Each structure stands twice: as C-alpha cells, then as structure tokens.
Amino acid sequence: MTLSALRVAIIVFPGSNCDRDMMVAIEQLTSRRPALVWHKEASLDAADLVIIPGGFSFGDYLRCGALAGRSPIMNAVLDHAARGGAVMGICNGFQILTETGMVPGVLIRNAGLKFACRNVGLQVCETLASPFTSGLVTSKRLIIPIAHNEGNYFAEPDELNQLEGNGQIAFRYTDSKAIGPANPNGAAHDIAGVISQNGRVLGMMPHPERAMSDLHGSTDGAYLLLKSLEALAS
Amino acid sequence: MQAIVNISLKDAVLDPQGRAISHSLTDLGFNEVTDVRVGKQILLEIDENDPARLRQRVARMCETLLSNTVIEDYSIVIPDEE
Amino acid sequence: MQAIVNISLKDAVLDPQGRAISHSLTDLGFNEVTDVRVGKQILLEIDENDPARLRQRVARMCETLLSNTVIEDYSIVIPDEE
Amino acid sequence: MTSASDKMTFQNAAAMGLSRDEWNLITQRLGRVPNLCELGIFSAMWSEHCSYKSSKKWLKTLPIDGPQVIEGPGENAGAVDIGDGLAAIFKIESHNHPSYIEPYQGAATGVGGILRDVFTMGARPVALLNALRFGEAGHDKTRHLVNGVVSGIGGYGNCIGIPTIGGEVNFHKSYNGNILVNAMAVGLTNSDRIFRSAATGPGNPVIYVGAKTGRDGIHGATMASAEFSDETESKRPTVQVGDPFTGKLLMEACLELMASDSVLSIQDMGAAGLTSSSVEMASKGGLGMEIDLDLVPAREENMSAYELMLSESQERMLMVLKPEATETARVIFNKWDLDFMPIGQVTETGRLVLLKNGAAACDIPIGPLVDDAPEYDRPHGDAPTRPKLASHDIATNSQISKTLKSMLGHVDLASRRWIYEQYDSQVMADTMAGPGGDAALVRVHGSHRGLAISTDCTPRYVEANPKTGGAQAVAEAYRNLSAIGATPLAITNNLNFGNPEKPEIMTQLVDSIIGMGDAARMLDTPVVSGNVSLYNETDGSAIQPCPVIGMVGVIDDVELAVGHGFIAAGNDILVVGQNDSKNDGWLGASIYQQHFGDDKIYAPPPIDLAAERAHGSFVRQQILAGKINAAHDISDGGLAVAIAEMALKSGLGASILVPEQGQLHAWAFGEDQARFVVSTEDGTALIAAAKDAGIEITSIGMVSEASELKFGDRDTISLQELNDVFESCIPSLMAG
Ligand SMILES: Nc1ncnc2c1ncn2[C@@H]1O[C@H](COP(=O)(O)OP(=O)(O)O)[C@@H](O)[C@H]1O
Ligand SMILES: [Mg+2]
C-alpha cells in the first residue's frame, strides 16, 4: 500500500505533550493526518501503527507511565499488539510500554538525577525481524534529541543477556559531536530503544519527531520514521 | 481506616538517588552513613472498617497500580490492626 | 544499625501526586479510596550502635538535608530501639 | 475565632502592611470600619505588588504605543501584531521571594503563573524564558538555590510541554540573601481572538475553574499576627505548590473553551487570588460582582471568607460566560477532570459582595479598591557620578589567549549548558534556535515566520549608572535580536529593585525607567507589559538593581536567520561598530574589571542609541540579504569573548589581527556598546555596504580550519583548551 493509505493512530493522555509534534511528523511523511485517540476511549479503530507519544502523561505522578498504563484505551492497545499490530512508544510512550509489559525492562531516573535535553548519537543495531529496524542501515549513526528525566534503562542481567541474544535491542547511545557523555542517562548496555519478542512493538527514548528537517538541525528522525512507515506499508 | 504502603526498590536495582544522598551526607560530615535507599510511602484513607478486607484491597491496589513489581517490593501497614 | 526516615508533605501543602493517584484508583474501581498522600521513605544503614545517638544523628541529617522542612514533616524510626 | 463582623483596628491594618493614612482612607471611603475579610482585600489590592504605588508615576512615562501594539500594559499580558493576522502575547513576572524560601516550588509556580497570564488572553504559549540572579558562586546557599530553581523551572515547563528556549543568569554577592527569578512566557493567537478581563453584562454567571482552593500562600504578614486566630499554627501560610499536570489540563480546557463562542471575560487567579481577579474584572467593566463563597471549591475544611479570598492556590481561573454557554463549558471542564463551579454573577451595583454561610462577609464599593489605591511620588535624587576607569589603571595581562581562557571560566561568562539542558527546549518541534545563542527563535507553527526572543539586563551597569543601565538592557536585547536577523517589535520588563522608600533606591528605579524609556522610543520597541518587584533586600542591603528586558521580534522567513557559529574557513571576520584601537576599550564596570580589577564602581560604557539603531538595522539587513552568515553581538567580556564563542559554537578557529598600538587588553575585553562581530564570504562587499550606510566597520581576521584562535603572530590557543574551561565552570561549581 502507499504511505498515504497507512492508518496511524496517536494516543493522547492528559499530559501528553508530543502528540501534536508526532502528528505533524507523520503527516509530513505520509501526507495523511493520523487520528488522535483520547485515553478515555475504550476501543481503537483498525490501525496499521499505534503511536504512544512523549510527554508527561498524568504528570509522571507515582511512576512515569504508571497511571497512563492503566487508562481505558490501553486495553485496546494491548489487544491490538496481541493481534500482532505495530506499536511505537516514544519517550513517555516507551515508559508506558514498559509499565504495561509490552516491551521488557523499566526506565528509571537518569543516573545524573537531572532532566536531560540534548542531541545524542544513536547506533542502529542488528535486530530480529522488525518493521522498525528492517529499513535502517545498521552502521549508520543517527543524531536525534532526547528530553527526559527517566530514561535510564534497567533490566536484570539475565534479561539483558536475553535481549542481546534475541536481537531485541534496536538502538544504542553512541558518540556524537554533542558535548557530554555518549550515554546520557546511565542506561544499561547503552540501550536507547528495545523491541518486543515479535518485533512489532518498539520503545525508544529519543524523539524522532524533533529531527524532521534541516531547520531542526537533523533529518535523522524523518529517516527513522519513514523507514518504519515504509516497512509497515509493504 | 488508614493504610500505609511502603515501596522500596529491589536490592538488585540501582538507586541513583540513594547513592547521591549517601554522597551528600558523607560530604556534610555524616561519615557513618554506609548506605542509603530511597523508597516511597503512600498513605491511603479508605472507607473500609475491616482490617483484613482492607489489607486485601490494598494488596490489590499495589499489584495493579501502586508498585511496579519488576523493580519494586512493597509492604502494607494497617495501623488499626493489632 | 538501620534507621528509617518517613517524610510526608505538611497537611496544608497541596499533594498533586496524591490527588492524581486517588483519581486513578477510583477509575480502576477502588471507589472506597477517599484520600491519598505520597511521601518518601529513606532507609539508612549507619555505622552506629547506640540507638539514642543514632536517632540524634539522623535527626540532624533530616534537618540539614533529607527533609525540606518548609513543606515537609519527617519522622524517624529506629527498628532496633525498643 | 474571628467572625466576619469583627471590627478591625489600625493595628490590624498595620500588621497587613497598610499605613496610617491608608487606613484612614479606607474607613473614610467605607464610612465605617472594615471587617477582617474586607481589610484583607484592601491590603492586597493596595499592596505594592497589585497597586504599583511606588512605581506607577514613573511607569506612565514609558512609551506604550506603536502601530504594532494591539494591547499595551493593563491586561494580563501585552500583545503585538506579528503579521498574517497573528498576535504574539507576552509578559515577564518575578517570583523572587517564594523562590528563595522554597526554590523548586517558587520557581515552578513562577512559570505556572506567567503561563496562565498568557493563555488567559487566548494565546497558546509557545516559549518560556527565565532571567535569574543568584548570590556569589562560593556562597553557602547558592548551589542549593541554583539546583532548586533550575529544576523547578524545568519541572513545570517540561511537564506542561512549552519549550524553555532562553534566559540569562548572573552571580553576584548582592543576591546572596535575595535571589531573582523572573519568568517570561510568549504565546500566539489570532489578533481578532484576544480575550480580556473586563466583566460584562450584569446577571451573567461568574465561573470558577481549575484546581481547588487551599490555604496556600495566604498573605504572610497577616496570618503571623496571633490576634486574628486561635489556630495560628494550623493556618500559617504555606508554600504554594505547582501542579504542572493540572496546569496543562487547565490550559487545554481554557483554549478549547475559548475556541467556542462562550467566554465574555476571563482572568487568572495570580497574586491575591480570588480578590484581585474578581476586583479587577469588575473594576475594568465598571460593574459589580456578587460571589457566594460557600460555592468556591475548597481543598480544606472550614476556610474563612478571608482565607478563600486571599489564598494563592495555583492553577485557577475566573470567567464570565455567556449564560447559554454554561453547559458547553461544563462539559469541556469535566472532560479535563477540572473543577467547574458557577459561584456568582456580575452585578450593576459597582460593589463587591461576598456571601458566606448566607450572610454578607464583605460588601464594599469596588471604585476605591482600584481608583483610590495610593500612588506615591517617593523622594529620589541624582545618581552618584562614577569615575572613569583608565585602561592602564587595571592589571594588564600579557597574552590575550591566557586572559581569554581565564575569562571564559568566569561564572558570568561560562557556558550555561548545565542549566539549559535541564529544560526541554524543543517540545512543540518549532524551536529553530534554542538556548546558547543570541536571541532564541521559534517558528510560528505551520508557517515560515519566526518569533525571536531574548531577555537581558546587566545589573553592574545599572548599579553604576541606572539611566545608562536601563537603556543598555533594551539596547542589548535589540542587538541580540538583530544578530539573528530579526526585527524587534516590543518589550516587556521586570523591574527588580530594593526598598523604594530609600531615596537612593528610588533614584535607581526612576533613572532606569527613564533610560529604558529613551531606548524603547529610539529603537521602536514600546513596552506592552511588565512587572515590578521592590523590597529586594536582606538585612537592609539591597540587590544590584536589575531591570530585566524581555524583547520579542519577528523574522519573515526562519530560513534566513543566522546563528553565532562560524560557517566556513576562509570567511572574513569583521567588527561592526567602533573598533578604533586609539580609542581605548571601555573596561569600567566590565567583566574584565570584575575578574582582574578592584571592587570600586566605575562608570559603565556609554550608550549611543542612534548607533545601536543604525548598527542593529545594518546587521539585520545584511543577514536578510544573505551577506552575513554568522553574527554575534559584543556584550559581556568584549570582543575576544565574542570571537571565542563563535569559534566554540562551530569548532572552526580564527586568525585575528591585533592592533599595533593602544592597550591590547582593553581592545580585547572592553565592553563598548553598539557592536557586533560578523562573518561573511565577502568582506570587501560588506565593508562597501557599511561605508554606504555610514557605519564603522573593520576587518579583523579570518575563519580558519585549524581548531585554534590566533591573536596576531605569536599568541595561539586551542579551542579544546578554551572549551574545557568554558564548559566545566558551572558543572564543577554545581558539583561542589
Ligand atoms: N536561565 C537560562 N535559561 C535558559 N537559557 C539560558 C539561561 N541563561 C542563559 N541562557 C542561554 O545561554 C546563552 C548565553 O546567555 P547570555 O550570555 O546571557 O547571552 P547574551 O549575552 O547573548 O544575552 C543564551 O542563549 C541564553 O538564552
Ligand atoms: Mg548576545
């Protein structure tokens, strides 16, 4: 199918704040405006991709992603994923995915105990078959911004080994020209993004929707999103 | 009735905040501090008069929302329980 | 020896986090919840064998660092104290 | 317990900060003695904060008109026309005292408050900035305060999802006991959809929305007086806690409601909460208001009329709706899980009537609360004249490179990265230039147009000469906008000063307003909003005066904007403005003096407003014509620091020609005004253009491939070495 035939749904929680940014980014790439779905909805129209955007759903209160993870819409998202539907969670979306167990691990407080907003270098990893990585050149280093307080990826050592072995690590922090350590938050194994065992769910901390044009200083986010959309359309 | 939920990070989980506090305490001259872990304490007011039932309900709240059992342990205290 | 510091927001201070949790619990069917307040629990391992002295030192730590006395109250528990 | 009928005395009034004359005026206007609630309302409305009683006379002298101005001072925020039928709405506000007491919550609620001022007017906020002043780097409290304030600003702004794109920070001992936290917000809306606060239509419902009211922030001076209550302890004023999550919901709900045709007038509850919002709405509409306080959503039990009226709980709004729109509005606020409560109505009486438990807790005419608010012409005199610092009267350091390295590690010059990386500067995905450059630039969503914004003030100049300092703040902001290619439109200001009852402080206030006004007139940037914060003193000693300017400008095509990083090796580097080595550079009141000189106060660099205007316009035009590819204004630290920043930003070095005569350190670090460093592919053409425009310009070197700065033939330093001190200063300060 063509990109403009792709049905993309973006979930909006109270406190989401990258929902519009993601909508604009997807529309830029597909020429079709994604649906915004309010968290109180109990069902989800058929979608080729569900995106859980960044922000501070429910103010990050209790634990980031915890309250959103129990919102009515999440049952529908879980069903969608159980049917093999594609789901992408960015930043707070990633935190929500871990809270609901859709991807493994947990995101805890940045090792520096500070919110961090800056560009990071991302290495695209070899992974199991996944629409989110299949179109990306693995040797490529992407420059994409992060902006988070809790991006420090944690999983038990066994689980980390398993993730490594399965090829579930999608992106790792790597050197960039930006000032500061390559790994901005202390994430285990420099993990910036992981995929589920079936490759259909991706969670990542960096914000591709903020690297969509030269005016943003990088087009690598557009590249990353475009390749995912193309894979999902084919 | 009141219920108190104490939530702590599992031992295997790194606690950057605890570490930072421990450092600061040492810097401030509290050299005797050897370890610090930071957890949460949630106080709930609940419309329920039976301590046993209360405990059961609160345990459910912990499992469904209050604690993330991947990284956290919790314990429940019911002050009115003898 | 261990010391536990429980830190809570003063009563009149708004606890937005508690409010949000309370809402969510109600939405999840725990209608009996009437109020939620969230505090911190700090566990300290300290190289000190005298409970009275320990309590005194920990109180100092609370005043200088652990608690923000403008908006928080704290209480100290020494499990080894009888 | 105090009841509504308790008669107040002058002692009560004094405890609330009112003078004998003010008390007499109140009883005279009422024809009786007020009760507690009424007295509280008078004291709040007549406080310096709400009435501007010491500054009003002088604020009136500021220019407020211009073809671009849609809304000048008086509403919640100012509004200017930015073309395409759009208006930029902006204001700056201080939260100094609360931030000193509780830095995280003080700063967070400062951000929340200024955002409400902007979205109250119907604008979606698109940018936040903050102007901060802390005590000396080495002072006990500084680290704690910086940490708390920065995380509080980030805590609110990041969560609500408005990018924090710029600001400024200085450190000085005069702020040891009184920090400054000023937050600025900028929003956008259609010029024909601006909401105002004047109440209209007697009988129309008055609606309370947002969070519930608690006992937070009730006027401290009042509650500390034991005779008001037996329960003083439990009622002591508590710190206001920001709730950015509720703030976000309130913002979305208000903007959603404003898109329907329901709102007649709206006012946020900021300082003095329900009091100032209800009084201002009624007063502006020339009407009255009746409120049943039992209907006000309260977070705590048994709140008195006084407490309900004076609480400063956050995230609340008051609106007058079209009666038929009440249900539409209720549905929207329910959707966002916010309180929504009709609590009264607009009346024709011109009185503020408050009911509590069915009885009148307050019944006073609104006129005197606003119109009779005192206005003082406080005594002031002439600012002291300061000696000129001759450049041979200060340590002359041998090599420019060594001195430069030391200067870049000065806490007022070093990189602010540690601060601004804690702010989400990119959310909304329209940030074209975030923190770290001259002006910040945000794209108007869905268009090519950009808003350029900067906050500026150099307190050491203001202290040395308030008139020059007041003008310089405007001029520097003007330069910062010009340096990216933007056309300045208008300003907001935050006047932070000590106790105005002292003539020398009043002199600072008056003179800097005069200087600011002169500059604003000359540079066509009228003042459309602002805030005054006085009594910034501890133990009788005042802060360095700090009249902060927030300036907003526009660029038609964001692609034309330039940054301050060099673009390519081989480009020519030039100075626009005075660069005559026979004219010694100006070191009085400079960072160089702070760093290497004595503590005396010397005359600051003079301001030539005509030159500021000409040079700024020239740089802007050449940028828009594509003839300048990087520009940086020369401010703190002088020419050498400006060049170093351009090099560090780009990683490209430069080879600089140094003058053969004159004082090298003064040439390199003097802070003469109205100057820019620019780079271009074609220096000859730029020089010709400058000559045509009658502007002084000097070629001073060339961008180089090598990562080093060369001053003349013998003096070279690597960018790495400079970068290390530039980047490590604040992180190591904060690491302790
Ligand atoms: N408190 C702050 N918050 C955000 N950005 C800041 C802050 N302080 C300084 N900055 C940014 O750091 C850069 C350097 O600041 P400054 O030296 O004051 O600039 P200038 O001299 O051009 O006015 C600017 O881009 C400014 O916006
Ligand atoms: Mg500048």
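Please read these numbers as outputs of a predicted model, since none were measured by experiment. In what follows, chains are A, B, ... by sequence order, proteins preceding strands, each numbered from 1. The analysis underlying the following values was restricted to heavy atoms, covering all of them including side chains, and did not include hydrogens, waters or symmetry mates.
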So, taking the atom named [atom1] in [X] and the one named [atom2] in [Y], what distance separates them when rounded to the nearest 0.5 Å?
X: His216(A); Y: Met432(D); atom1: NE2; atom2: CE; answer: 4.5 Å
X: Leu215(A); Y: Arg443(D); atom1: CG; atom2: CZ; answer: 6.0 Å
X: Lys114(A); Y: Met734(D); atom1: NZ; atom2: CE; answer: 6.5 Å
X: Ser425(D); Y: Arg210(A); atom1: OG; atom2: CZ; answer: 8.0 Å

Q: Examine whether an atom of Phe58(A) lies under 4.5 Å from a heavy atom of chain D, and if so say whether it belongs to the side chain, the backbone or both; otherwise answer neither.
A: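 Both parts, backbone and side chain.
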Looking at every non-hydrogen atom in both residues, tell me the closest pair between [X] and [Y] and how far apart they are.
X: Gln426(D); Y: Cys117(A); result: OE1-SG, 3.8 Å
X: Phe245(D); Y: Tyr61(A); result: CB-CE1, 3.6 Å
X: Pro14(A); Y: Leu249(D); result: CB-CD2, 3.5 Å

Discussion item. Check whether Asp424(D) reaches the backbone of Ala147(A) with its side chain - one donor and one acceptor, N or O, closer than 3.5 Å.
Written reply: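 Absent.
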Could Arg20(A) and Asp430(D) be called an ion pair, given the rule that one side-chain N must be under 4.0 Å from one carboxylate O?
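Salt bridge present between Arg20(A) and Asp430(D).
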Do Asn17(A) and Asn158(D) make a side-chain contact, defined as non-hydrogen atoms from C-beta onward lying under 4.5 Å apart?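 A side-chain contact is absent here, since even the closest heavy-atom pair is not under 4.5 Å.
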ask   = What parts of residues 557-564 of chain D touch chain A if we use heavy atoms and a cut-off under 4.5 Å?
value =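 At a heavy-atom separation under 4.5 Å, chain A is reached by Val558(D), Glu559(D).
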